[in-house]
> 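What follows is a structure written as structure tokens; I'll ask about it next.
Computed from a prediction, not measured in an experiment: that's the story for all the values here. Computation of the quantities below employed the complete heavy-atom set of this structure, encompassing side-chain atoms and omitting hydrogens, waters and symmetry-equivalent molecules. Residue numbers begin at 1 in each chain, while the letters A, B, ... track the order of the sequences.
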Amino acid sequence: MNTEHFGLLDSDEKVLTAKAAAFRAVALNEKHMFTDTSGSQRSQAKTEVLRTIYSLHAFDQVLNNATSSEEFLSNVRQYLSNSLTVYFERQSLSLSDFISSFDGEARRYKSIAHEVDDWLKRLMKLTREHLRRSAFSVKIPPIRLNLTVDDQQSKGVAGKTDHENGDRLITILFNPAKFTLESYFALPCVLSHELWCHALACCHDEDNFVRESKWNGCSPADSWEEGWMDHLQFQILENEMSAIAPNAAALEALFAQCSLGYLSARHADQSMISRGIGARACYAFHRFLRQYYRGLADDLLIQISLDINVLTCENELKQNFVSWIWESLNPDTADYGKPVESTFALVERRNRLDQVLLANKTKAESLKINIINLLAGGHQN
Amino acid sequence: MENEELLYDVSIDWDARAIKARTLALASDSSDEINQILSQNCKAVDVNLLVQIQNAIRNHLKIEEKGAGTDPGTVALLVSLTPFVKAIVPLLKPFAENMADVARKIALDIWNMLKKKLGDHEHIRLRNRK
């Protein structure tokens, strides 16, 4: 019987889970498997091990839907042992450590679907903590998770968000044939992106929550949701990785590194000009806040960004915000005076910014504000 | 009334806002074509109807992205004709029987005309999404 796990077929779920367990085993044993005390490394050995894991998607046992998860993992263990024995002996490596780690990780995380769902629950807890401090009244919409396979997509993993009857539906899409080690360890970033950037957009509870969603979507090159908010979500993810995906340090480091790699590739994509500018504008704004508000900068960046993201308004207003920041902070490095010492001044200026945006949210075309000046204590324009 | 929601794939160089702006500009310059569509579907037309239809295009034709995603292929362009159809039904009362059906036909014909012009004049190709 084919059962579905958040939308994944049983067979797909088994393959992806087995791959994830194997990737984790590689990461945990990487040092003693692929380096030695002389300082040399065995890149060919690593390539061989990963190639064997990547081939799991074509594993015959996938076709046998009656195989239980335990039997399937046992078969995968045997397959890995048989495929790598000769190579490990040739390299005088310890295969048993790797297989033992594989067993441990497979037992620890029985299902990739439940692993992703667990991450989402932890991320949701974090969103509630942050949004509790929003300047606006926020009604977080119901958020549902769906996992599915798309054999046509170019990457091993991708994400998308839609709205359905007032809910936000986050879908994680897998291409098992292209599901690499980097794909797996970038999964938290993909999930975090969909949640912070899209699922929480436009949920300002101004009218006691109108049932129909006021968010429909955005362009892949959108400078705000795809650029600015994407940069922001990674800042949160990197700081909170231990809370979101608690693991041994070696695995957490790889989650962070692969998430950063995934993010950097998105923002350096030469075809997504506005998206890249949005991410860099967020970086520039954060730098300004660090110079001017010092220890309060990280929290201020998150709160201002979340406030604007939840605002239900024309996309154009949020894109204009990115443009205004970019124009204000480039190319000169202006001196905005002494760093702010008083949290009262900070709160007062942040509230002023929020009120200006809220009061003008329907006038995206005509509104232009000097945000940097406002936050530095000057006038609005 | 059927929900006329049309989904398209489009180049990443164009977002919904830009496509809508181009569409409305083309609609302003398409009086002859719109008149022809009205004549084909209504027993009589007058200049007021043309102006009202063009206003309805400006105020009620909905073009926006549907969804968001890390892969550009997951985001579709959504063209919703339903608000436009609803807006023009009462305008057709003096000119047509079966106003709802006629309104729907006119809306589809106008949209197809504008879609063709987007491709021919603006090089914005909208591909039907499967």
> With a cut-off of 6.0 Å (strictly less than), are more than 12 heavy atoms of other residues, nucleotides or ligands near NZ of B:Lys43?
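Enclosed.
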
> Please check if the number of heavy atoms outside B:Tyr8 that lie under 6.0 Å from its OH is greater than 12.
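Atom OH in B:Tyr8 is packed in, count exceeds 12.
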
> Looking only at non-hydrogen atoms, find the nearest pair between B:Ala68 and A:Trp215 and report the distance.
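Nearest pair, atom of B:Ala68 first, then A:Trp215: CB-CZ2, 3.8 Å.
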
> Among A:Glu225, A:Met272, A:Lys155, which residue has the highest count of heavy-atom pairs closer than 4.5 Å to chain B?
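Counting heavy-atom pairs under 4.5 Å, the top option is A:Met272.
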
> For a 4.5 angstrom cut-off between non-hydrogen side-chain atoms, does B:Arg17 reach A:Gln319?
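Result yes, sub-4.5 Å side-chain heavy-atom pair found.
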
> Should A:Asp162 and B:Lys66 count as side-chain neighbours, where that means a heavy-atom distance under 4.5 Å?
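A side-chain contact exists here, since the closest heavy-atom pair is under 4.5 Å.
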
> Please rank A:Ala201, A:Gly217, A:Ser274 by heavy-atom pairs under 4.5 Å with chain B and give me the top one.
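The answer is A:Gly217.
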
> When only pairs under 4.5 Å are counted, which of A:Cys218, A:Ser219, A:Cys197 shares the most heavy-atom pairs with chain B?
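Option with the top pair count is A:Cys218.
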
> Counting heavy-atom pairs closer than 4.5 Å to chain B, which one of A:Ser154, A:Ala158, A:Gly159 comes out on top?
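Max contact count across the listed options: A:Gly159.
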
> Measure the CG-OG distance between B:Asp13 and A:Ser271 for me, rounded to the nearest 0.5 Å.
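The distance works out to 8.0 Å.
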
> Which heavy-atom pair separates A:Glu226 from B:Gly69 by the least distance, and what is that distance?
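Closest approach of A:Glu226 to B:Gly69: OE2-O, 3.5 Å.
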
> Measuring from atom OG1 of B:Thr74 to atom CD of A:Glu194, what distance do you get when rounded to the nearest 0.5 angstrom?
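Atom-to-atom, B:Thr74:OG1 and A:Glu194:CD are 7.5 Å apart.
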
> Against chain B, label A:Gln152 side chain, backbone, both or neither, depending on which of its atoms sit under 4.5 Å from a heavy atom there.
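When you check distances to chain B, no heavy atom of A:Gln152 falls under 4.5 Å.
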
> Does the side chain of B:Thr70 come within less than 4.5 Å of A:Arg266's, by heavy atoms?
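Touching, per the 4.5 Å side-chain cut-off.
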
> Looking at A:Arg275, A:His198, A:His193, which one has more heavy-atom pairs under 4.5 Å with chain B than the rest?
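Sorted descending by pairs with chain B, the first entry is A:His198.
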
> Can you confirm whether the side chains of B:Asp71 and A:Gln153 place a donor and an acceptor under 3.5 Å from each other?
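No, A:Gln153 and B:Asp71 have no side-chain donor paired with an acceptor closer than 3.5 Å.
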
> State, with a plain yes or no, whether a side-chain heavy atom of A:Asn216 is found less than 4.5 Å away from one of B:Glu65.
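SC-SC contact between A:Asn216 and B:Glu65 ruled out.
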
